[in-house]
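Below you'll find the structure, written out as structure tokens, and then a few comments.
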Amino acid sequence: MIRPTSITAHRFAFSITIACTLAALVQPRVEAKQPNILLIFVDDLGWRDIGCYGNDFVETPHIDQLAAEGLRFTNFYASGAVCSPTRCALQSGQNQARIGITAHIPGHWRPFERVITPQTTMALPLDTVTIAESLKASGYATGYVGKWHLGNGPEFQPDRQGYDFSAVISGPHLPGRYRVQGQAARQPKPGQYRTDFEADLCVDFIRDHQDEPFFLMLSPFAVHIPLGAMHEKVEKYRDKAKATGKDLPHPVYAAMIEHTDDMVGRLMETLDELKLAEDTLVVFTSDNGGLYKRYDYRESADDLVSSQAPLRGEKGSLHEGGIRVPLILRHPGKINAGTVSKEPTITHDFYPTFVELAEGELPRNQTIDGVSLVPLIANSSSKLTREALHWHYPHYHHDRPASAIREREWKLIEYLDGTGDVELYHLPSDISESENLADEKKGRTADLKRKLNNWRQTVSARMPIANPSYDADRAPEWWSMKTGNPIPSDQRKRFPPTEKD
Ligand SMILES: [Ca+2]
């Protein structure tokens, strides 16, 4: 047998290099185009709040059109049950328990409850390599429009976290009530509803960056309370409620969802006009589940907002209604129209997905808990190899402090309020989480509880501790993190939940 000497091996390699170089000279280089990424991240929109997820009251033609042209996920989850935790997971690619943003910033304080809940981190740390920073490193122009909720000081805003352009908007939805900070080149027109203004800023950004790959995150405040929508739309849904006899969703809330749909329509129209639709991945989702009962004490406290039935619970709960949310991906030519994925997926999956599509690199010194959705984009019936999804919400809000794990068909919720309560559900046969199987399936319960505990240790999850000042009578008192004082009972957010929950 003749073995090539190292010299021949070098010559061989050299001639291959020459051949490749010549081939490159004679053949035009076909570069895989980096797709634009437009992420529409709605606030508090529930799984059942839009037409393509089964709502037959609210009119959402543009969002439904996205689903008809793209891939709709039926088992997609928000990483958290409230705003800031999910936003933290989205920006970092990690479960938020690693960073410690486990409650909405600044959170609440219940000093006389059974357990003392951990402090939440008040801002996304600046050393976090955000999704915007990773995409920027791959040559993307990056833009942010809307609500941020990952830190209050100027040093924690999106322009310090990788967004070249940022317009942070705060305040309620109605004209004259909200304000814009950052680099916006325009101010709202007189009488302009907030989502219409947010759409204007996005249209400007897309026009400005139409000739380069861009990542634009639109994070409207819609459809978060306080409820507020333009009169014409509200009247339309009040009439519709009378005609249909439906009391949910609330007509103002329905109108807010339609405003959001109009905003999506404006953006799709812009992509079409600029001939960018086929170059752009559009992602439509929400940061947590929908709200059942309003607690903004602006109108009657008994006003209901929406229902996520058949899902149990709402925003702030680790039952499905609090975390299962819509996700639609559209990319004509890359994603088959009208497809559906039942695969369990979660917000922090966007990070590795976007980086893979951008042909970029994941950060070297940052754990990425997300899993790329690219196999599902290629084939909607694909399965991911991930073993389980996890949630950690150690706070009193619309429910008790809890963690949860979903392993394929099974979900376990463990309450962290000192009661030791555990719930086990088989989701395919009981999407409403109505039958707790924890006593019946002791082996599986113990196994999932052990896995959940191991995971919490892996991510150094902060845990509640027993409260020596526990006082059952005063437990419902709700104190402000901002003032350090109790919130007067007439302003206190609702608690305990009523039987309607
Ligand atoms: Ca939210």
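Every number for a ligand or one of its atoms is a count from 1 in the order of the listing. Keep in mind the model is a prediction, meaning the values are calculated, not measured.
Under 3.0 Å from the Ca ion (ligand 1) lies an N/O/S atom of Asn288, whether from backbone or side chain.
Atom CG of Asp421 is surrounded by more than 12 heavy atoms from other residues, nucleotides or ligands within 6.0 Å.
The Ca ion (ligand 1) lies at the vertex of an angle of 80° between the OD1 atom of Asp43 and the OD2 atom of Asp287 (rounded to 10°). Between Asp44 atom OD1 and Cys83 atom SG, the angle centred on the Ca ion (ligand 1) amounts to 120° (nearest 10°).
Ionic pairing of Glu387 and Lys451 is not present here: no N-O contact between side-chain nitrogen and carboxylate oxygen is shorter than 4.0 angstrom. The existence of a salt bridge linking Lys246 and Asp56 is confirmed by a sub-4.0 Å separation between a basic side-chain nitrogen and an acidic carboxylate oxygen.
Ring geometry for Trp478 versus His397: interplanar angle over 60°, hence perpendicular rather than tilted (30 to 60°).
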